[in-house]
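To start, the structure under review is shown below, and the notes come after it.
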Amino acid sequence: MEDMSNLLTGQARDAHEAATILDSQSPEAGVMERYGDALVAAKDPTTGGHEWAIIQRAMRDELSHAELASLDASEDMRTVKSASKEAALMSWTPTADVQTVDSALDRYWEAYEIQDRARTVDLGEVGSTYDRSRMVTEAWTAASSGASVSERVRTRSEQVNIALAAEDSPVAEAASNLIYIDRSNGTTQTKAWDEQMGRDRSRAVTTPGPDLDMMTGHTVARPVTDPGLDR
């Protein structure tokens with residue numbers, strides 16, 4: 001994640017520098033300025049996009065073929081992908097013309113705005129909160145079987161218990177890292193956790209935890225898809 005942030009930072013700096021060197025009235029200067037702004041927005045730790053490679057890897061590791069197909073077709077996940085750090089980064093290429101880059105940036109900003117609205121949770125009289133991982137969590141839950149959802153709940157419960165009970169141990173550090181990833185991008189790394197614990201994934205996990213009711217996915221009025229990103 002740090003490597004991607006550094007890449008976005010350097011690319012944004014280069015884009016803004018290029019915009020100042022070019023004729024301020026030229027289309028090229030305008031599109032480079034827009035590109036730099038998109039990269040700055042993408043790397044924001046709160047409102048920025050997810051790192052799609054992490055989500056994609058977790059999807060392939062954790063989901064069955066049927067669940068993966070369902071999640072892959074989700075409009076919410078298409079929006080997450082089109083608002084990702086990679087989508088912002090790839091909206092410009094050295095060989096692309098101004099119109100092509102402008103169109104890619106339009107798609108990125110449209111997805112960014114939809115995702116930003118979906119992350120805002122209305123709490124009624126007490127106001128609202130911002131849930132960065134909301135779209136991924138809800139889409140992932142909607143595509144999963146009840147058994148898969150319960151397994152992830154047990155994983156989260158076990159991770160939290162170990163992180164609190166054994167603060168200075170390597171396993172507690174691993175639990176904290178995976179909890180951070182989960183809360184950041186909505187992917188519960190059950191496979192990675194079981195490997196950390198030296199556990200055969202085919203055996204039932206005995207750590208108790210409550211079942212998680214299937215959450216309703218946030219409605220997106222229209223799909224936002226960036227064909228430039230291969231799944």
Side-chain angles (χ1 to χ4, degrees), residues 1-19 30-63 68 71-96 100-120 130-140 143 177-189 192 217-218 220 222-231:
M1 286 189 288
E2 184 178 350
D3 289 344
M4 175 61 77
S5 180
N6 291 339
L7 179 60
L8 291 169
T9 298
Q11 192 82 337
R13 182 183 61 248
D14 292 345
H16 284 143
E17 287 179 357
V31 81
M32 290 307 292
E33 185 72 24
R34 285 192 72 203
Y35 178 56
D37 291 346
L39 296 176
V40 170
K43 75 183 186 70
D44 187 284
T46 301
T47 58
H50 295 293
E51 190 166 337
W52 179 252
I54 294 175
I55 294 176
Q56 184 183 51
R57 184 165 56 249
M59 287 167 58
R60 292 174 175 172
D61 285 348
E62 300 293 336
L63 299 177
L68 180 59
L71 186 58
D72 209 32
S74 162
E75 290 184 2
D76 281 5
M77 289 303 287
R78 291 177 180 176
T79 298
V80 168
K81 180 180 179 182
S82 295
S84 66
K85 289 178 169 61
E86 290 93 331
L89 188 64
M90 295 170 62
S91 59
W92 174 87
T93 62
T95 58
T100 299
V101 177
D102 260 332
S103 296
L105 288 169
D106 286 344
R107 290 193 299 271
Y108 168 75
W109 281 115
E110 183 179 6
Y112 177 95
E113 290 168 4
I114 292 173
Q115 179 173 257
D116 191 58
R117 290 194 298 270
R119 287 171 168 180
T120 302
Y130 196 82
D131 183 353
R132 174 175 169 78
S133 64
R134 185 184 186 192
M135 286 191 82
V136 177
T137 300
E138 293 188 354
W140 193 299
N177 289 338
L178 290 172
I179 290 169
Y180 172 80
I181 292 173
D182 191 341
R183 291 176 178 172
S184 176
N185 62 32
T187 61
T188 303
Q189 310 273 339
H218 186 85
V220 175
R222 48 194 169 150
V224 181
T225 308
D226 187 346
L229 287 175
D230 292 330
R231 291 192 180 90

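Looking only at distances, no side-chain donor or acceptor of Gln115 sits under 3.5 Å from a matching main-chain atom of Gly49. Remark: side-chain polar atoms of Thr137 are not paired, donor with acceptor, to backbone N or O of Arg134 under 3.5 angstrom. Distance alone, capped at 3.5 Å, is enough to place a donor-acceptor pair between the Ser84 side chain and the Lys81 backbone. At distances below 3.5 Å, at least one donor-acceptor pair connects side-chain atoms of Arg119 with backbone N or O atoms of Thr47.
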So Asp182 and Ser184, side chain to side chain donor-acceptor pair (under 3.5 Å) or not? Walk me through it. CA-CA 5 Å; Asp182 191 341; Ser184 176; over 6 Å; no

Might you work through the side chain to side chain contact (heavy atoms under 4.5 Å, CB included) test for Trp92 and Leu105, ending with a clear yes or no? CA-CA 8 Å; Trp92 174 87; Leu105 288 169; over 6 Å; no

Can you list the steps and then say if Glu51 with Asn185 is a side chain to side chain contact (heavy atoms under 4.5 Å, CB included)? CA-CA 8 Å; Glu51 190 166 337; Asn185 62 32; over 6 Å; no

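Of all non-hydrogen atoms in Met59 and Leu71, the two that sit nearest each other are CG-CD2, 3.7 Å. When all heavy atoms of Ala19 and Met32 are compared, the pair lying nearest together is CB-CB, 4.1 Å. Of all the heavy atoms in Thr46 and Arg132, the pair that sits closest is O-NH1, 3.1 Å. For the residue pair Leu89 and Tyr35, the shortest heavy atom distance occurs at O-OH, 2.8 Å. Between Thr120 and Tyr130, the closest heavy-atom pair is OG1-CD1, 3.8 Å. The minimum heavy-atom distance linking Val101 with Ala96 is given by the pair CG2-CB, 3.7 Å.
Between Tyr108 and Tyr112, the angle of the ring planes lies from 30° to 60°, which puts this pair in the tilted group.
Counting heavy atoms from C-beta outward, Lys85 and His50 have side chains that stay 4.5 Å or more apart. Here the side chains of Thr188 and Glu62 are not in contact, with every heavy-atom distance at 4.5 Å or above. Looking at Asn177 and Tyr180, their side chains never come closer than 4.5 Å, going by heavy atoms from C-beta outward.
To the nearest 0.5 Å, atom CG of residue Leu39 and atom CG of residue Leu7 are 8.5 Å apart. Atom-to-atom distance recorded for Asp131:CG and Arg183:CZ is 11.0 Å, nearest 0.5 angstrom. Atom CH2 of Trp140 is separated from atom OG of Ser133 by 11.5 Å, given to the nearest 0.5 angstrom. Residue Met135 holds its CE atom at 11.0 Å from CG of Asp116, rounded to the nearest 0.5 Å.
In terms of the side chain to side chain contact (heavy atoms under 4.5 Å, CB included) criterion, residue partners of Glu17 (sequence neighbours excluded) are, by chain and number, Arg13, Asp14.
Between Asp106 and Arg34, at least one side-chain N (NZ, or NE/NH1/NH2) sits under 4.0 Å from a carboxylate O, which counts as a salt bridge.
Between the side chains of Asp72 and Ser74, not a single donor N or O lies within less than 3.5 Å of an accepting N or O.
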